[in-house]
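As the structure is a prediction and not an experimental result, all values here were calculated from the model. By convention here, the first residue in the shown sequence is residue 1.
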Amino acid sequence: MEVITDFPERITKGTSLYIGEEHLRVEVSGRRMHSRGMLISFVGYQTPQEVERFRNQWVYVSSSDRPKLPEGEYYHHEIIGLTVEDEAGEVLGVVKAILETGANDVYVVQAASGKEILIPAITSIVLEINLEQNKMLVRLLPGLLP
(Lines give C-alpha, C1' and ligand atoms only; values in the text may rest on other atoms or scores of the structure.)
Protein backbone atom coordinates (compact mmCIF):
# COMPACT_ATOMS: atom_id res chain seq x y z
CA MET A 1 0.00 0.00 0.00
CA GLU A 2 1.25 3.47 -0.79
CA VAL A 3 1.36 5.45 2.45
CA ILE A 4 0.12 9.05 2.26
CA THR A 5 -0.69 9.62 5.92
CA ASP A 6 1.54 11.69 8.17
CA PHE A 7 0.91 9.09 10.89
CA PRO A 8 1.75 5.62 9.48
CA GLU A 9 2.63 4.42 12.99
CA ARG A 10 -1.08 4.36 13.88
CA ILE A 11 -1.65 1.46 11.50
CA THR A 12 -0.94 -1.48 13.79
CA LYS A 13 -2.32 -4.92 14.52
CA GLY A 14 -5.98 -4.59 15.51
CA THR A 15 -6.52 -1.25 13.72
CA SER A 16 -9.76 -0.97 11.77
CA LEU A 17 -9.39 0.34 8.24
CA TYR A 18 -12.11 1.10 5.68
CA ILE A 19 -11.45 0.27 2.04
CA GLY A 20 -12.94 1.78 -1.10
CA GLU A 21 -16.02 3.90 -1.62
CA GLU A 22 -18.09 1.24 0.20
CA HIS A 23 -15.85 1.69 3.27
CA LEU A 24 -15.55 -2.06 3.76
CA ARG A 25 -14.24 -2.55 7.31
CA VAL A 26 -11.16 -4.74 7.72
CA GLU A 27 -8.94 -5.38 10.71
CA VAL A 28 -5.15 -5.26 10.40
CA SER A 29 -3.51 -8.54 11.45
CA GLY A 30 0.03 -7.50 10.56
CA ARG A 31 2.09 -4.89 8.77
CA ARG A 32 5.61 -4.04 7.78
CA MET A 33 7.25 -1.22 5.88
CA HIS A 34 8.45 -2.17 2.40
CA SER A 35 10.35 0.08 0.03
CA ARG A 36 8.18 3.21 -0.36
CA GLY A 37 5.05 1.60 1.04
CA MET A 38 3.60 -0.78 3.56
CA LEU A 39 2.63 -4.43 3.34
CA ILE A 40 -0.53 -5.14 5.32
CA SER A 41 -2.41 -8.33 6.12
CA PHE A 42 -6.04 -8.42 7.20
CA VAL A 43 -7.93 -10.73 9.55
CA GLY A 44 -9.92 -13.22 7.48
CA TYR A 45 -7.91 -12.78 4.27
CA GLN A 46 -5.27 -15.46 3.70
CA THR A 47 -4.20 -15.19 0.05
CA PRO A 48 -3.18 -12.41 -2.34
CA GLN A 49 -6.13 -13.40 -4.54
CA GLU A 50 -8.58 -12.63 -1.71
CA VAL A 51 -7.31 -9.06 -1.37
CA GLU A 52 -6.90 -8.42 -5.11
CA ARG A 53 -10.22 -6.56 -5.14
CA PHE A 54 -8.67 -3.94 -2.83
CA ARG A 55 -6.09 -2.95 -5.46
CA ASN A 56 -6.14 0.77 -6.39
CA GLN A 57 -8.65 1.59 -3.65
CA TRP A 58 -8.41 4.35 -1.07
CA VAL A 59 -7.95 3.20 2.52
CA TYR A 60 -9.56 5.26 5.27
CA VAL A 61 -9.52 5.45 9.05
CA SER A 62 -12.40 6.56 11.22
CA SER A 63 -12.29 10.27 12.05
CA SER A 64 -12.48 9.29 15.73
CA ASP A 65 -9.18 7.41 15.31
CA ARG A 66 -7.25 10.42 14.02
CA PRO A 67 -4.41 11.71 16.18
CA LYS A 68 -5.13 15.02 17.87
CA LEU A 69 -3.25 17.87 16.22
CA PRO A 70 -1.50 20.65 18.10
CA GLU A 71 -3.43 23.86 18.80
CA GLY A 72 -3.86 25.89 15.60
CA GLU A 73 -3.31 22.95 13.23
CA TYR A 74 -6.14 21.38 11.26
CA TYR A 75 -6.77 18.44 8.99
CA HIS A 76 -7.54 19.46 5.40
CA HIS A 77 -11.04 18.00 5.55
CA GLU A 78 -11.77 20.32 8.50
CA ILE A 79 -10.82 23.39 6.44
CA ILE A 80 -12.53 22.48 3.17
CA GLY A 81 -16.10 23.77 3.28
CA LEU A 82 -15.48 26.63 5.71
CA THR A 83 -17.14 29.95 4.91
CA VAL A 84 -14.50 32.66 4.55
CA GLU A 85 -15.22 36.19 5.79
CA ASP A 86 -13.08 39.31 5.86
CA GLU A 87 -12.66 41.56 8.90
CA ALA A 88 -15.66 43.65 7.85
CA GLY A 89 -17.87 40.54 7.97
CA GLU A 90 -18.21 40.27 4.19
CA VAL A 91 -18.51 36.69 2.98
CA LEU A 92 -15.81 36.02 0.40
CA GLY A 93 -16.77 32.44 -0.41
CA VAL A 94 -16.16 28.86 0.65
CA VAL A 95 -12.88 26.92 0.84
CA LYS A 96 -13.04 24.40 -2.01
CA ALA A 97 -9.48 23.08 -2.07
CA ILE A 98 -6.07 23.38 -0.47
CA LEU A 99 -2.89 23.73 -2.48
CA GLU A 100 0.23 22.41 -0.78
CA THR A 101 3.20 24.59 -1.65
CA GLY A 102 6.70 24.36 -0.29
CA ALA A 103 6.37 27.32 2.05
CA ASN A 104 2.74 27.23 3.20
CA ASP A 105 -0.64 25.91 2.14
CA VAL A 106 -2.91 28.07 0.01
CA TYR A 107 -6.68 27.95 0.47
CA VAL A 108 -8.70 28.05 -2.75
CA VAL A 109 -11.87 30.01 -1.96
CA GLN A 110 -14.76 29.90 -4.42
CA ALA A 111 -16.70 33.17 -4.42
CA ALA A 112 -20.43 33.30 -5.16
CA SER A 113 -19.51 34.80 -8.55
CA GLY A 114 -17.59 31.61 -9.37
CA LYS A 115 -14.19 33.30 -9.22
CA GLU A 116 -11.43 31.79 -7.13
CA ILE A 117 -9.58 33.66 -4.41
CA LEU A 118 -6.23 32.28 -3.27
CA ILE A 119 -5.62 32.81 0.44
CA PRO A 120 -2.15 32.00 1.81
CA ALA A 121 -2.42 29.98 5.02
CA ILE A 122 -0.27 32.29 7.10
CA THR A 123 -1.13 33.87 10.45
CA SER A 124 -0.96 37.45 9.15
CA ILE A 125 -3.76 36.61 6.65
CA VAL A 126 -5.79 33.86 8.35
CA LEU A 127 -6.81 35.45 11.64
CA GLU A 128 -9.13 32.78 12.98
CA ILE A 129 -10.49 29.36 12.17
CA ASN A 130 -13.66 28.46 14.04
CA LEU A 131 -14.76 24.92 13.28
CA GLU A 132 -17.84 25.18 15.51
CA GLN A 133 -19.12 28.15 13.48
CA ASN A 134 -17.82 26.69 10.19
CA LYS A 135 -15.99 29.96 9.56
CA MET A 136 -12.58 31.35 8.68
CA LEU A 137 -11.76 35.02 9.31
CA VAL A 138 -9.14 36.57 7.03
CA ARG A 139 -7.37 39.91 6.62
CA LEU A 140 -7.25 40.88 2.99
CA LEU A 141 -4.16 42.51 1.63
CA PRO A 142 -4.21 44.78 -1.44
CA GLY A 143 -4.19 42.68 -4.59
CA LEU A 144 -5.46 39.52 -2.90
CA LEU A 145 -8.88 39.65 -4.56
CA PRO A 146 -9.11 38.91 -8.30
Take atom CD in Glu2; do more than 12 heavy atoms of anything else shown fall under 6.0 Å from it?
no
What are the two closest heavy atoms between Gln133 and Asn130, and how far apart are they?
N-OD1, 2.9 Å
Within the structure provided, determine whether Trp58 and Ile4 are in side-chain contact (heavy-atom separation under 4.5 Å).
yes
Would Ile119 and Leu140 satisfy side-chain contact (heavy atoms from CB on, under 4.5 Å), going step by step from the backbone distance to the final call?
CA-CA 9 Å; Ile119 307 282; Leu140 294 179; 4.3 Å; yes
Rounded at 0.5 Å granularity, tell me how far OH in Tyr74 sits from CE in Met136.
9.0 Å
Val51 reachable from Tyr18 in the ILVMFWY side-chain graph, under 4.5 Å edges:
no
Does the side chain of Glu85 reach to within under 4.5 Å of the side chain of Lys135, using non-hydrogen atoms?
yes
Once rounded to the nearest 0.5 Å, what's the spacing between atom CG of Asn104 and atom OG1 of Thr101?
4.5 Å
Closest heavy-atom contact between Leu118 and Pro120?
O-CD, 3.7 Å
Are Ser124 and Arg139 side-chain neighbours, meaning at least one heavy-atom pair lies under 4.5 Å?
no
Got Val28 and Thr12 here, is their nearest side-chain heavy-atom distance under 4.5 Å?
no
So, the side chain of Arg31 versus the backbone of Ile11: is there a donor-acceptor pair under 3.5 Å, distance only?
yes
Taking Val126 as the fixed residue, which of Thr123, Ile129, Ile122 is the one that meets the side chain to side chain contact (heavy atoms under 4.5 Å, CB included) rule?
Ile129
Between NE2 on residue His23 and CD on residue Gln57, distance to nearest 0.5 Å
10.5 Å
Test of understanding: clusters of I, L, V, M, F, W, Y form through side-chain heavy atoms closer than 4.5 Å, transitively. Do Leu127 and Val109 belong to the same one?
no
For the residue pair Lys96 and Ile80, what are the closest heavy atoms and their distance?
O-CG2, 3.9 Å
Inter-residue atom distance Phe54.CZ - Tyr45.OH, 0.5 Å rounding
4.0 Å
What is the distance from atom CZ of Arg25 to atom CD1 of Ile19, rounded to the nearest 0.5 Å?
11.0 Å
If you define the side chain from C-beta out and look only at heavy atoms, does anything of Leu17 sit under 4.5 Å from Tyr60?
no
Under 4.5 Å between side-chain heavy atoms, hopping through other hydrophobics if needed: is there a path connecting Val59 to Leu24?
yes
Does either side chain, that of Arg10 or that of Thr5, offer a donor lying less than 3.5 Å from an acceptor on the other one?
yes
Is any side-chain heavy atom of Val43 closer than 4.5 Å to one of Val26?
no
Has Glu50 got a side-chain atom pairing as donor or acceptor with Thr47's backbone, closer than 3.5 angstrom?
yes
Residues Ile117 and Ala111: closest non-hydrogen pair is CD1-CB, 4.4 Å
Quick one: are Glu100 and His76 in side-chain contact, heavy atoms under 4.5 Å?
yes
Is any side-chain heavy atom of Val138 closer than 4.5 Å to one of Tyr107?
no
Side-chain heavy atoms under 4.5 angstrom apart, residues restricted to Ile, Leu, Val, Met, Phe, Trp, Tyr: same cluster for Leu92 and Leu131?
yes
Side-chain donor or acceptor of Glu78 paired with backbone N/O of Tyr75 under 3.5 Å
yes
Return the CG to OG1 distance between Leu137 and Thr83, rounded to the nearest 0.5 Å.
12.5 Å
If you count every heavy atom of other residues, nucleotides or ligands that lies below 6.0 Å from His77 atom NE2, does the total exceed 12?
yes
Any idea which heavy atoms bring Asn134 and Gly81 closest together, and the distance?
ND2-O, 3.5 Å
Side-chain donor or acceptor of Ser29 paired with backbone N/O of Ser41 under 3.5 Å
yes
With side-chain contact (heavy atoms from CB on, under 4.5 Å) as the test, would you mind laying out the steps for Leu99 and Val108 before giving the verdict?
CA-CA 7 Å; Leu99 305 175; Val108 180; 3.7 Å; yes
